[in-house]
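Quantities reported herein were computed from a predicted structural model and do not represent experimental measurements. Chain identifiers are assigned alphabetically (A, B, ...) following the order of the sequence lines, protein sequences preceding nucleic acid strands; residue numbering begins at 1 within each chain.
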Protein chains: 2
Amino acid sequence: MNRKSRLPSTPTSDEAAAPGRFLDGAAIRHLPFFSGFDAKVCDDIARAARVKRVPTGETIFAQGAVPDSVFMVLSGRFKAVQVTPEGGEVVVRLPSAGDLIGHVSVFSDTPYPATPVAVTESLILTWTPAAFTDLMLNHPQLSLAVIRNMGTYIQEAHARLREVSTEKVERRIAHAILRLAEQAGTPVKGGVEISFAITRQDIGLMTGATLHTVSRTLSAWERQGIIDGGRQHLVLRDAKALRRISEASTAPSRSR
Amino acid sequence: MNRKSRLPSTPTSDEAAAPGRFLDGAAIRHLPFFSGFDAKVCDDIARAARVKRVPTGETIFAQGAVPDSVFMVLSGRFKAVQVTPEGGEVVVRLPSAGDLIGHVSVFSDTPYPATPVAVTESLILTWTPAAFTDLMLNHPQLSLAVIRNMGTYIQEAHARLREVSTEKVERRIAHAILRLAEQAGTPVKGGVEISFAITRQDIGLMTGATLHTVSRTLSAWERQGIIDGGRQHLVLRDAKALRRISEASTAPSRSR
DNA sequence: CGTGGAGTTGAGTAACTTCAAGGATCGTGG
DNA sequence: CCACGATCCTTGAAGTTACTCAACTCCACG
């Protein structure tokens, strides 16, 4: 833990949003979450927030803790890790700029269900539950945005649920890498690079496979020139081939 | 399809809510979703809704359709089935009284992601997207309730995601049955009965297993007196034993 | 330059699925 | 009221996937 990413941290409006400082709407208006918002509303929302820096490898809070804040990623990226009582782990999602964190727990008054770990130097916004609720009551736009945001989580979760229960490991890994490239890929000569440190273990936790299986699969793909791997490092070279694998009707099984 | 459940349909305030009629708040105030709501707000919400009857086996809409309404289950129960392009199926959730259906699609303006099939004679409320949005804008209470409701979906989805990626089939089936008994169980002499018709296939679709594995597992449990099975029929006799199985640290694997 | 995290690879095996076939139960129509 | 078709369920046997166990390599960092 706490290793420094070798990749340049993604700087996003760091000028306007220094840790500890209070903000104005300009610092957040560019986030997809706030697209279409009135400038005045953005101001109100930003003014109620505090900015906090989260270095790579650090957590925002621990799974099981009693919720005391709502968070939003301003820049950087996190992985939300959920641990089962028996010690099993899952990566449930990878929130990045504009994604809310902890809101579900705050509104349903349940313990935080996962631990968000920064996989890149990150900045987050924090609100007290009371302040955020006030904002929602005063700005119905905000409620709708929260609902939209939660809707995408639900669809993502259902999509992954469907994958993990109907598809074989190889295809799940293919899907996961395509999604990573899409959500966190930076174009690079001859491919798309995943812009943060990710281990085989992480991919395993995202797909419900062991790191061994992931390693074997990636090795095979590397031999075929589809990807280019390395220590905590991944470049997608042939997206078309990977997409073919992810959709391969290798499926002799209808309606599992 | 279209078979009639042998079980008595659960009648819930049918007096107040006849199909086709318009409603007042009294018809919906008892739903957990509206707990804590002002009577006047309930009136407003109810008056904007229409009631519709959905017989067992019928669907509300088809997966892939363009959303044109928001729905809420007033009484009865549905199963939301998602079909993959390759023909794989998953049951993503089992909405019952007070659960919203289709709202995610309406607010994110994406096609309905699953097909809700009534597994019991049911009544639903319907709103036009415009009407529902209006209600939310005028009654922030409603927005908060929607958010809370969506929060529980997310937590459920994540819990199942975790299960299906870290646990073995037997334990997943145990969990599924415990959940069914909790959500849809009616006490009966010597156990708890699942109050709607459910097939081994359905349980398979909920747990990511084949109906064969489900059948074998249930047969074994029946021999041990833990459950009592039958055609589309299930009685949980020994919840304690099942809970033991669902938590069994048969797990030699830490951190998969 | 040694230590530990990350990755690779092989061999053996358990857990499920697939394939296959037969039996039970329900509703329907003659 | 019984026969028949359609589901649903059960169970065996064979096959495969992906996990477990284990050993070894490769870096990066101190």
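Screening B:Val117, B:Leu94, B:Ile60 for a side chain to side chain contact (heavy atoms under 4.5 Å, CB included) with B:Phe78, the sole residue that qualifies is B:Ile60.
Among the heavy atoms of the strands lying under 4.0 Å from B:Ser215 is at least one base atom, whether or not backbone atoms are also near. Counting non-hydrogen atoms under 4.0 angstrom, B:Thr213 reaches a base of the nucleic acid.
A sub-4.0 Å separation between OP1 or OP2 of D:dC8 and a side-chain N or O of B:Thr199 is absent. Note on B:Arg231: every side-chain N or O is 4.0 Å or more away from OP1 and OP2 of D:dT7. Look at A:Ser219 and you'll find a side-chain N or O under 4.0 angstrom from OP1 or OP2 of C:dT9.
The nearest whole Å value for the distance from the CG atom in A:Leu211 to the C1' atom in D:dT20 is 12 Å. Rounding to whole angstrom units, CD of residue A:Glu167 and C1' of D:dT16 are separated by 18 Å. Rounded to a whole Å, the CD atom of A:Glu222 is 14 Å from the C1' atom of C:dT9. Here the P atom of nucleotide D:dT10 and the CD atom of B:Gln232 are 12 Å apart, to the nearest Å. B:Gln201 has its CD atom 15 Å from the C1' atom of D:dA6, to the nearest Å. The NZ-P distance, from B:Lys168 to D:dC19, rounds to 9 Å in whole Å. The CG-P distance, from A:Leu218 to C:dG7, rounds to 9 Å in whole Å. Rounded to an integer number of Å, the gap from CH2 of B:Trp221 to P of D:dT11 is 15 Å.
Evaluation of atom-type donor-acceptor distances gives no pair under 3.5 Å for the side chain of A:His212 against the base of D:dT20.
Side chain of B:Ser122 to backbone of B:Thr120: a donor-acceptor contact under 3.5 angstrom is found. Side-chain atoms of B:Glu222 come within 3.5 Å of backbone N or O of B:Gly229 as a donor-acceptor pair.
Residues satisfying the ring pair (Phe, Tyr, Trp, His ring centres under 6.0 Å) test with B:Phe71, not counting sequence neighbours, are B:Phe61. With sequence neighbours excluded, no residue forms a side chain to side chain donor-acceptor pair (under 3.5 Å) with B:Asp99.
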| request: Give DNA chain D the dot-bracket treatment, 5' to 3': Watson-Crick (N1-N3 with N6-O4 or O6-N4) or G-U (N1-O2, O6-N3) under 3.5 Å, [ ] crossing, | other strand. | output: ||||||||||||||||||||||||||||||
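For the residue pair A:Thr110 and B:Gln155, a side-chain donor N or O sits within less than 3.5 Å of a side-chain acceptor on the partner.
Contact of the A:Glu170 side chain with the A:Trp221 side chain is registered, since non-hydrogen atoms from C-beta on lie closer than 4.5 Å.
The A:Arg216 side chain lies nearest to C:dT9 when the options are D:dC9, C:dT9, C:dG7.
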